[in-house]
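These notes concern the structure reproduced below.
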Amino acid sequence: LVIPSTMLTRLLYHRNFSPEYFQALRILRYCLEPLPMETLMQTQALLPDVQLFSDYGLTEAVGTIAILGPDEHRSAQAHYLPSSGVFLPGVEAKVVDRHGESVASNTVGELAIHTPWQFIGYLGQPPSGYWLFTGDLVWIDGAGRFNLSGFHTQYLPAIPKNDSGKTLYRELEKYHV
């Protein structure tokens, strides 16, 4: 089962929730945002036989680029999950300061990634270049695990209000798609 973190939280705390509904479930993958520690502990208590995975990914990177597996979830302390995940093979990552310079391990900065399959840029904008600057504030520990710390809102792409995809369709028509 793959479910957004907010939906998992709502499901677990729903008045009609029962662990019996999930007897056959063996793997649960949550994504889109970190899971609150309280929800993680509740999930582990209610579904002790389920292996938990957390995904970190970006549309611009064409999906998942890091995973936190069941072992890390089981070792989580009451107020601390050891990381947001480990980057998958083929993902290059670095943490940079506001000037784009790399920072030392365990220092918070913006996550920049490169994958062979990442997008080349937003429609109507110049190509993104080798590094994709995510807008996510992270720190990477000495073992290569990264921890999500916050977000830069300035990097969110602008979407015309009430566009309903019209701009995209017009652009695609130019290429007979």
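Note: E72 CD to S54 OG = 10.0 Å, rounded to the nearest 0.5 Å. To the nearest 0.5 Å, atom NZ of residue K94 and atom CD of residue E110 are 10.5 Å apart. Note that OG1 of T134 is 4.0 Å distant from CG of L111, once rounded to the nearest 0.5 Å. If you take CG on L40 and CG on L52, they are separated by 6.5 Å, rounding to the nearest 0.5 Å. Here CG of L137 is found 12.5 Å from CG of N147. Values are rounded to the nearest 0.5 Å. The structure places CZ of R29 at 12.5 Å from CD1 of I3, a figure rounded to the nearest 0.5 Å.
Between R145 and F87 there is no side-chain heavy-atom pair separated by less than 4.5 Å. Looking at T64 and L88, their side chains come closer than 4.5 Å, going by heavy atoms from C-beta outward. When side chains are defined from C-beta on, C31 counts as touching V2, because their heavy atoms get closer than 4.5 Å. Residues M7 and L11 form no side-chain contact, since every pair of their non-hydrogen atoms from C-beta on lies 4.5 Å or further apart. Looking only at side-chain heavy atoms (C-beta outward), V138 and V108 stay at 4.5 Å or farther from each other. Under the 4.5 Å side-chain criterion, counting only non-hydrogen atoms from C-beta, M41 is not in contact with E38. Inter-residue side-chain proximity for V50 and I27 is flagged as unmet; no heavy-atom pair is nearer than 4.5 Å. With a 4.5 Å cut-off on side-chain heavy atoms, T115 and I65 count as touching.
Between W139 and T107, the closest heavy-atom pair is CB-O, 3.6 Å. Minimum heavy-atom separation, I113 to A93: CG2-CB, 4.3 Å. The two residues P19 and L46 make their nearest non-hydrogen contact at CB-O, 3.6 Å. Annotation for L132 and E60: closest pair CD2-CB, 3.7 Å, computed over non-hydrogen atoms. Annotation for P116 and G90: closest pair CD-O, 3.3 Å, computed over non-hydrogen atoms. Scanning both residues, Q118 and G129, for their nearest heavy atoms gives NE2-O, 3.8 Å.
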Y21/H14 under ring pair (Phe, Tyr, Trp, His ring centres under 6.0 Å): CA gap, chis, key distance, verdict: CA-CA 13 Å; Y21 297 148; H14 191 276; 9.8 Å; no
Verdict with supporting geometry, D49 and L25, side chain to side chain contact (heavy atoms under 4.5 Å, CB included): CA-CA 8 Å; D49 297 326; L25 186 64; over 6 Å; no
Worked check of side chain to side chain contact (heavy atoms under 4.5 Å, CB included) between L68 and H73: CA-CA 8 Å; L68 183 67; H73 281 86; 3.7 Å; yes
Stepwise side chain to side chain contact (heavy atoms under 4.5 Å, CB included) check, V96 with F133: CA-CA 9 Å; V96 298; F133 294 87; 3.9 Å; yes
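Neither Y30 nor V86 shares a network with the other; the hydrophobic side chains, linked directly or stepwise wherever heavy atoms of I, L, V, M, F, W or Y lie under 4.5 Å apart, form separate groups for each. Residue V91 is not grouped with residue I120 when hydrophobic side chains (ILVMFWY) are merged at heavy-atom distances under 4.5 angstrom, including chains of intermediate members.
In this view, Y130 and E92 satisfy the side chain to side chain donor-acceptor pair (under 3.5 Å) rule, not counting sequence neighbours. Checked against side chain to side chain donor-acceptor pair (under 3.5 Å), D71 has the following partners two or more places apart in sequence or in another chain: R74.
Counting only distance, with no hydrogens or angles, the side chain of W131 and the backbone of H114 share no donor-acceptor pair below 3.5 Å. Remark: side-chain polar atoms of T43 are paired, donor with acceptor, to backbone N or O of T39 under 3.5 angstrom.
For residues 43-71, the set of pairs meeting the ring-ring contact (aromatic ring centres under 6.0 Å, His included) definition, not counting sequence neighbours, comprises Y56-F146.
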